[in-house]
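In this chain, residues are counted from 1 in sequence order. Just so it is clear, the values below take in all heavy atoms, side chains as well, and ignore hydrogens, waters and symmetry mates.
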Amino acid sequence: QVQLVESGGGSVQAGGSLGLSCAASVISFNTMAWYRQTPGAQRELVASVTYAGTTYYADSVKGRFTISRDNAKRTVYLQMSSLKPEDTAVYYCNSVGVLWDWGQGTQVTVSS
């Protein structure tokens, strides 16, 4: 089973930036994604990146977030800028389609 470890969250003021990292225990050719979840809400896909580097972004983060991956390091990144209070959530990474066990996630808190 693949293990995923997210890191890099924290607290910032609106307009600030944060970078998240997700380390996987094995090499994956899957499309990888960042998801986020707030209490009482369903987990939503924020951005995804194929093995070749093609990206997709949810409308709510387009132009502000950048997803990337380093296949040699088995790591997926999410660079977040112009953060808004509504970006506050626990952020997780996982595959797209066939989900692995979820990691512990990393908390991102944006204050106004």
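- Of the possible polar contacts, one joining the Thr75 side chain to the Lys73 backbone as a donor-acceptor pair under 3.5 Å is found.
- Put simply, OG on Ser48 and CG on Asn94 are 12.5 Å apart, with the number rounded to the nearest 0.5 Å.
- Applying the disulfide (SG to SG under 2.5 Å) definition to pairs two or more places apart or across chains, none involves residues 33-79.
- In this structure, Thr106 contributes its side chain and Ser7 its backbone to no donor-acceptor pair below 3.5 Å.
- Sorted by first and then second residue, the pairs that involve residues 78-89 and meet side-chain hydrogen bond (donor to acceptor under 3.5 Å, both in side chains), not counting sequence neighbours, are Arg36-Asp87, Arg64-Asp87.
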Between Thr31 and Tyr51, does the side-chain contact (heavy atoms from CB on, under 4.5 Å) criterion hold? Intermediate values first, please. CA-CA 6 Å; Thr31 296; Tyr51 185 82; over 6 Å; no
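- The local environment of CD in Gln104 is crowded, with over 12 non-hydrogen atoms from other residues, nucleotides or ligands closer than 6.0 Å.
- Through direct or indirect side-chain contacts shorter than 4.5 Å among Ile, Leu, Val, Met, Phe, Trp and Tyr, Trp100 is connected to Val2, Leu4, Val12, Leu18, Leu20, Val26, Met32, Trp34, Val46, Val49, Tyr57, Val61, Phe65, Ile67, Val76, Leu78, Met80, Leu83, Tyr91, Val108, Val110.
- Legend: disulfide (SG to SG under 2.5 Å) pairs involving residues 12-98, not counting sequence neighbours, sorted by first then second residue: Cys22-Cys93.
- For Asp59, the salt bridge (Lys or Arg N to Asp or Glu O under 4.0 Å) criterion is met by Lys62, not counting sequence neighbours.
- The two atoms that bring Pro85 and Ser111 nearest to each other are CG-C, 4.5 Å, heavy atoms only.
- Counting only distance, with no hydrogens or angles, the side chain of Thr38 and the backbone of Ala41 share no donor-acceptor pair below 3.5 Å.
- Cluster partners of Leu45 are Tyr35, Tyr56, Val90, Tyr92, Val96, Leu99, Trp102, counting Ile, Leu, Val, Met, Phe, Trp and Tyr whose side-chain heavy atoms approach within less than 4.5 Å, directly or via other members.
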Step-by-step side-chain contact (heavy atoms from CB on, under 4.5 Å) determination, Thr66 to Tyr77: CA-CA 8 Å; Thr66 302; Tyr77 305 96; over 6 Å; no
